Amino acid sequence: MAEPPGFLTAQDVGSFAYLTIKDRTPQILTKAIDTLHRHKSEFFEKHGEEGVEAEKKAISLLSKLRNEMQTDKPIIPLVDEGDDVDIWNQYLEYQRSLLTDSGEAPRWFFSPWLFVECYMYRRIHEALNQSPPIHDFDVFQESKNANFFESQESIDALCEYLQQLRSAEDLGENHLKEEFLKLLQISLWGNKCDLSLSGGESSSQKTNVINSLEGLKPFILINDTEFLWALLIKCKKTGKPSGVRVDIVLDNSGFELVTDLVFADFLLFSELATEIHFHGKTIPWFVSDVTVRDFNWTVEHTKSSDQKSTSACGAAWENYVKMGRWVYHSHRFWTLPHPYCAMLQVAPDLYAELQKACLVLFKGDLNYRKLMSDRKWEFTCPFHQALSGFHPAPLCSIRTLKCELQVGLQPGQAEQLTASDPHWLTTGEYGIFQFDGPL
Ligand code: F6P
Ligand code: MG
């Protein structure tokens, strides 16, 4: 077997990884610091002087982190009380061991990008963790909530659409498939709305995405949705008595999460699946990623909408959760720096959980990077090969492209894209549905 290619890294001056570490991540840290500042009086009201001291401490830890990053200091071990600290520090040791010959230490602009970028979010968590009594404060919560509110019109239009489908008499297989494909595409384009790409600035959905789907079709570079349909129909016909389980590894809160919940709702009422298992983060992550608080908040806020259809969707979602037809899982593995090919070894319980699914959907760009181990694969490398042995169940990546990584393209396709749009890999304008697994 040939050696796999190297990792994306900020060593490559001018690359997206480089620009992220140089510009976007310091900007995200500055915004987090500013958010803490703005909540000073709230901390005082809640915790008195202790709250103000904690705010100061968290800010000084975050400023230190920003300085370490901007001056390319060595990556230092984590020191908080989290139950993942040992695994993180072992991983740091492993990164160090790879460099012993060169005498280098892991550093921001030198080590694999995936590792250092995940590490930054873990350090943000550490800064808060070390600053009780404000240790539970999510510095990204405001912007996640704002994304939901700013996308309100699109959310209402989507819920209205779903309610009409729910109340339609027997849809018939062709119509059902058409709607399945539509709602999948909505969930794909929902991934444009992440707040990490925009450096934490607003990135909500303002237009009715349902009307834009036709025009967006040419931007889908790989479309394996026919396989997904075929697989679900097969699972339903030949399935186990326990039913058809679909797992969704979530990405962003706000509009994207609503598109995922709408799709999950459709899968249940159209009887394409019998249970949906969601996977989210245990700590605030990559600005907009879903935590359990965001998940519950979104269901509650959808339910309390003054728009009838939106509120009816929220009520249905709450009910699915109560009935155990929607199950939310958090696992610390999702906020470790490991690529998914290491899951079986690092988190065998999570791997076993995913194996129970008929299909696992991985939303978003970061999940793609972890599926691909963030390596510089050739554009034409087969998806199955780049997964490097990660095959817990049939799976599909649903992502808009926001990093210089894409596999499974046709020969010549990448060159053509570069000729027409040199930034096609990183703008989030293009999307993929990339499937791997036996049908
Ligand atoms: O900043 C790195 C990155 O993974 C980008 O590639 C992408 O812009 C963003 O973070 C996260 O995107 P997503 O929310 O789609 O995982
Ligand atoms: Mg994200």
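Since the structure is predicted, the reported quantities are computational estimates derived from the model, not experimental observations. Counting from 1, the numbers follow the sequence of the chain as shown. Note that ligands are numbered from 1 as they come in the structure, with each ligand's atoms numbered from 1 the same way.
- One option in Leu8, Thr427, Asp374, Asp251 has a heavy atom closer to atom 14 (O) of ligand 1 than any other, and that option is Asp251.
- The aromatic rings of Phe266 and Phe180 sit tilted relative to each other, their planes meeting at an angle between 30° and 60°.
- Under the 4.0 angstrom criterion for non-hydrogen atoms, Arg24 is in contact with ligand 1.
- Taking the N/O/S atoms of Asp289 in turn, the shortest distance to the Mg ion (ligand 2) belongs to OD1.
- The distance criterion of under 3.5 Å between nitrogen or oxygen atoms is met by Leu366 with respect to ligand 1.
- Checking Asp289, Thr426, Asp365, Asn367 against atom 6 (O) of ligand 1, the nearest heavy atom belongs to Asp365.
- When only modelled atom types and interatomic distance are considered, Arg66 and Gln27 share no side-chain donor-acceptor pair under 3.5 Å.
- Glu378 meets the salt bridge (charged side-chain N to carboxylate O under 4.0 Å, His left out) test with no other residue; sequence neighbours excluded.
- Within 6.0 Å of CZ on Phe149 lie more than 12 heavy atoms contributed by other residues, nucleotides or ligands.
- Considering Asp289, Asp251, Leu250 in turn, Asp251 is the only one that fulfils the side chain to side chain contact (heavy atoms under 4.5 Å, CB included) rule with Glu256.
- Residue contacts with ligand 1 for Arg369 involve side-chain atoms from C-beta outward but no N, CA, C or O (heavy atoms, distance under 4.0 Å).
- Cys313 has its SG atom at least 2.5 Å from the SG atom of Cys159.
- Qualifying side-chain contact (heavy atoms from CB on, under 4.5 Å) partners for Ala54, counting only residues two or more places apart in sequence or in other chains: Ser131, Pro133, Ile134.
- For a distance bound of 2.8 Å, the N, O or S atoms of Asn252 include one lying that close to the Mg ion (ligand 2).
- Taking the Mg ion (ligand 2) as reference, the nearest N/O/S atom within Asp251 carries the name OD1.
- Cation-pi geometry between Arg107 and Phe110 is met: the NZ or CZ atom falls under 6.0 Å from the ring centre, inside 45° of the normal.
- Considering backbone and side-chain atoms together, Trp113 places no N or O closer than 3.5 Å to any N or O of ligand 1.
- Residue contacts with ligand 1: Lys402 is placed with a nitrogen or oxygen under 3.5 Å of a nitrogen or oxygen of the ligand (distance criterion only).
- Residue contact check for ligand 1: Tyr368 places no non-hydrogen atom closer than 4.0 Å to it.
- Those atoms of ligand 1 with a heavy atom of Cys403 less than 4.0 angstrom away are 6 (O).
- Residue contact annotation: Asp365 places no N/O/S atom under 2.8 Å from the Mg ion (ligand 2).
- Counting atoms of ligand 1 from 1 in the listed order, those under 4.0 Å from a heavy atom of Asn191 are 15 (O).
- Ring geometry, Phe278 versus Phe295: the interplanar angle falls from 30° to 60°, so the pair is classed tilted.
- The atoms of ligand 1 that sit less than 4.0 Å from any heavy atom of Glu117 are 1 (O), 2 (C).
- For the pair Arg369 and Trp113, the cation-pi test (distance below 6.0 Å, angle within 45°) is passed.
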